[in-house]
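Side-chain atoms are counted along with the backbone in the values below, which use heavy atoms only and exclude waters and symmetry mates. First listed ligand is number 1; within each ligand, the first listed atom is number 1.
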Amino acid sequence: MQKLVILSGAGISQESGISTFRDANGLWENHDIMEVASIQGWHNNPELVLDFYNQRRRQLVEVIPNKAHTIIAQLEDQYEVTVITQNVDDLHERSGSSRVIHLHGELYKACSEGNKNLVLDWKEDIKLGDLAEDGSQLRPFIVWFGEDVPLLDLAADMVYDADILIVIGTSLQVYPAANLIHFAHNAKRKYIIDPHCQDYTVPSDFVKLAMKATEGMAKVRDELVG
Ligand code: OAD
């Protein structure tokens, strides 16, 4: 089977009703990114950070995967698919994708403030005073600005081995994730699907599809599956 790698960002979940970060009315228009999504922000005001991620977690219950997620899951019938996502939602998993690498963490997990390897499944709000088994405060299992991206090397290996790469719904502004598109040395087909992709700088062998995720994935599926 050919290896198909998806690199997804917030835009793929937009049609499910989850706000992106940097679009008009995106999350970073109404929240200070360094206050709620950095390790310093956590040290300065953990309650504010918990509240931000508790809201995101609560919203997840109200949304469902869209057609773009579903098409990606269905491509497993013809391809060995690996999804590398910057998203912290679980919509890829819920639509049936079996191999998902969450570069920036997962909303439905919590970890110990003292040891990020101590990870728990967690669907409720996290409150100050909720402790991990090592006695440390629980925190969202999110890779914040100022922290390492532990799954980066694994993701880079996957992209390097890909026969086909589809980049979807990401502004490619956050590093090191954005760098992954340059590792696809062996891919014979590369696509970027994003309404604004004409403005983005990507290597010249990418096919740019300036479309919403659902529409773009349907088009690529028709090309790949026939
Ligand atoms: P951004 O908000 O930066 O970019 C979202 C992208 O989705 C933009 O390029 C939009 O044009 C596109 N978009 C909007 N609606 C779309 C739709 N219906 N279909 C397809 N594309 C659409 O989100 P990311 O690139 O994912 O990290 O952001 C990367 C990281 O920045 C996030 O993981 C998060 C954030 O800070 C952390 O918080 C650590």
Undergrad: Identify, for atom 14 (C) of ligand 1, the protein heavy atom at the shortest distance, and state residue, atom and that distance.
TA: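 Nearest protein contact, heavy atoms only, for atom 14 (C) of ligand 1 is D23 OD2, 3.3 Å.
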Undergrad: For atom 30 (C) of ligand 1, what is the closest protein heavy atom, and at what distance to 0.1 Å?
TA: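 Nearest neighbour among protein heavy atoms for atom 30 (C) of ligand 1, to 0.1 Å: V174 CG2, 3.7 Å.
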Undergrad: Considering only protein heavy atoms, which is closest to atom 1 (P) of ligand 1, and at what distance to one decimal place?
TA: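 Nearest neighbour among protein heavy atoms for atom 1 (P) of ligand 1, to 0.1 Å: S171 OG, 3.6 Å.
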Undergrad: Residue-level breakdown please: for T170 versus ligand 1, do any non-hydrogen atoms fall below 4.0 Å on the side chain, on the backbone, on both, or on neither?
TA: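 It is both parts that get close, each with some atom under 4.0 Å.
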Undergrad: Under 4.0 Å, heavy atoms only, figure out whether ligand 1 is touched by the backbone of V143, its side chain, both or neither.
TA: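 The backbone, only.
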Undergrad: Without swapping roles, check the side chain of N186 against the backbone of Y160 for a donor-acceptor pair under 3.5 Å.
TA: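 It does hold such a pair.
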Undergrad: Ligand 1 and I12, any nitrogen or oxygen pair closer than 3.5 angstrom?
TA: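 No; every N/O pair is 3.5 Å or more apart.
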Undergrad: Check each atom of ligand 1 against the heavy atoms of W28 and keep those under 4.0 Å away; list them by number with element.
TA: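 Listed by number with element, the hits are 35 (C), 36 (O), 38 (O).
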Undergrad: Is it true that P195 lies under 4.0 Å from ligand 1, counting heavy atoms only?
TA: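 Under 4.0 Å: yes for P195.
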Undergrad: What protein heavy atom sits nearest atom 26 (O) of ligand 1, and how far away is it?
TA: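 Answer for atom 26 (O) of ligand 1: A10 N, 2.8 Å.
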Undergrad: Rounded to the nearest 0.5 Å, what separates atom CG in D90 from atom NE2 in H102?
TA: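 Reported to 0.5 Å precision, the distance equals 7.0 Å.
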Undergrad: Can you name the atoms of ligand 1, numbered from 1 with element, that are less than 4.0 Å from a heavy atom of H196?
TA: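 The atoms of ligand 1 under 4.0 Å from a heavy atom of H196 are 11 (O).
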Undergrad: What distance do I18 atom CD1 and S13 atom OG have between them, rounded to the nearest 0.5 Å?
TA: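 Here the rounded value is 4.5 Å.
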Undergrad: Hey, could you give me the CZ/CD distance between F52 and E35, rounded to the nearest 0.5 Å?
TA: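 It is 11.0 Å, given to the nearest 0.5 Å.
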Undergrad: For atom 34 (C) of ligand 1, which candidate among F145, F21, Y53 provides the closest heavy atom?
TA: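 When every heavy atom of F145, F21, Y53 is considered, F21 comes closest to atom 34 (C) of ligand 1.
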Undergrad: If we ignore hydrogens and angles and just use 3.5 Å, is the side chain of E15 paired with the main-chain N or O of K212 as donor and acceptor?
TA: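 Not a single qualifying donor-acceptor pair exists.
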Undergrad: Which residue holds the protein heavy atom closest to atom 29 (C) of ligand 1, what is that atom called, and what is the gap in Å?
TA: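 Answer for atom 29 (C) of ligand 1: Q86 OE1, 3.3 Å.
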Undergrad: Distance under 4.0 Å to a non-hydrogen atom of Y200: what atoms of ligand 1 satisfy this?
TA: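 Atoms satisfying the 4.0 Å criterion: 8 (C), 9 (O), 11 (O).
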Undergrad: Checking a contact table here: which protein heavy atom is nearest atom 20 (C) of ligand 1, and how many Å away?
TA: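 Heavy-atom neighbour on the protein nearest atom 20 (C) of ligand 1: A213 N, 3.4 Å.
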Undergrad: If I take atom CD from residue E223 and atom OH from residue Y191, how far apart are they, to the nearest 0.5 angstrom?
TA: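 Atom-to-atom, E223:CD and Y191:OH are 4.0 Å apart.
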Undergrad: Just to check, does Q173 reach to within less than 4.0 Å of ligand 1 when the distance is taken from its heavy atoms?
TA: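 Distance cut 4.0 Å: Q173 fails for ligand 1.
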Undergrad: Ignoring hydrogens, just give me the one of H104, H102, M211 whose non-hydrogen atom is nearest atom 33 (O) of ligand 1.
TA: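 Among H104, H102, M211, the closest heavy atom to atom 33 (O) of ligand 1 comes from H104.
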Undergrad: Could you tell me whether A37 and ligand 1 have an N or O pair separated by under 3.5 Å?
TA: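 N/O-N/O distance below 3.5 Å does not exist for this pair.
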Undergrad: Flag yes if more than 12 heavy atoms outside D199 fall under 6.0 Å of its CG atom; otherwise flag no.
TA: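 Enclosed.
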Undergrad: Just one of T70, V220, L4, I164 clears the side chain to side chain contact (heavy atoms under 4.5 Å, CB included) bar with L75, so which one?
TA: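 The single option meeting the side chain to side chain contact (heavy atoms under 4.5 Å, CB included) with L75 is L4.
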Undergrad: With respect to atom 8 (C) of ligand 1, which of L209, I33, D194 exhibits the smallest heavy-atom separation?
TA: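 Going through L209, I33, D194 one by one, D194 has the nearest heavy atom to atom 8 (C) of ligand 1.
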Undergrad: Is any side-chain heavy atom of T170 closer than 4.5 Å to one of Y200?
TA: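 Contact flag for Y200/T170 side chains = no.
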Undergrad: In the protein, what heavy atom is nearest to atom 31 (O) of ligand 1, and what distance, to one decimal place, separates them?
TA: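 Checking every protein heavy atom, the shortest distance to atom 31 (O) of ligand 1 gives R22 NH1, 3.0 Å.
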Undergrad: Does K127 offer a backbone N or O that forms a donor-acceptor pair with the side chain of D130 under 3.5 Å?
TA: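 Such a contact is found between D130 side chain and K127 backbone.
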Undergrad: Starting at OH of Y53, measure out to CZ of R58 and round the result to the nearest 0.5 Å.
TA: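 One finds 15.5 Å between OH of Y53 and CZ of R58.
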Undergrad: Checking Q137 side chain against S112 main chain: does a donor-acceptor pair fall under 3.5 Å?
TA: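 No, Q137 side chain to S112 backbone: no donor-acceptor pair under 3.5 Å.
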Undergrad: Given 3.5 Å as the limit, does a donor-acceptor pair link the side chain of E47 with the main chain of L128, or not?
TA: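 Judged by distance alone, no pair lies under 3.5 Å.
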Undergrad: Enumerate the atoms of ligand 1 whose separation from the nearest heavy atom of Q14 is less than 4.0 angstrom.
TA: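 Listed by number with element: 15 (N), 17 (C), 18 (N).
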Undergrad: Short N/O distance, under 3.5 Å, between G11 and ligand 1?
TA: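 Yes; at least one N/O pair falls below 3.5 Å.
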Undergrad: Would you indicate whether the side-chain heavy atoms of I166 and R221 approach each other to under 4.5 Å?
TA: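 They are not in contact (no side-chain heavy atoms under 4.5 Å apart), so the answer is no.
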Undergrad: State whether the shortest distance between N or O atoms of K212 and N or O atoms of ligand 1 falls below 3.5 angstrom.
TA: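 Between K212 and ligand 1 (N or O atoms, distance only) the closest approach is not under 3.5 Å.
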Undergrad: Using 0.5 Å steps for rounding, measure from the CD1 atom of I193 to the OG1 atom of T214.
TA: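 Spacing of CD1 (I193) from OG1 (T214) equals 9.5 Å.
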Undergrad: Any idea which part of W144 is under 4.0 Å from ligand 1, heavy-atom wise: side chain, backbone, both or neither?
TA: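 Neither; no heavy atom under 4.0 Å.
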Undergrad: For G169, take its heavy atoms, then give the atoms of ligand 1 lying under 4.0 Å from any of them.
TA: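 Once the distances to G169 are compared, the set is 5 (C), 6 (C), 7 (O), 21 (N).
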Undergrad: Just jot down the ligand 1 atoms closer than 4.0 angstrom to any heavy atom of G9, in number order.
TA: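 It comes down to these atoms of ligand 1: 26 (O).
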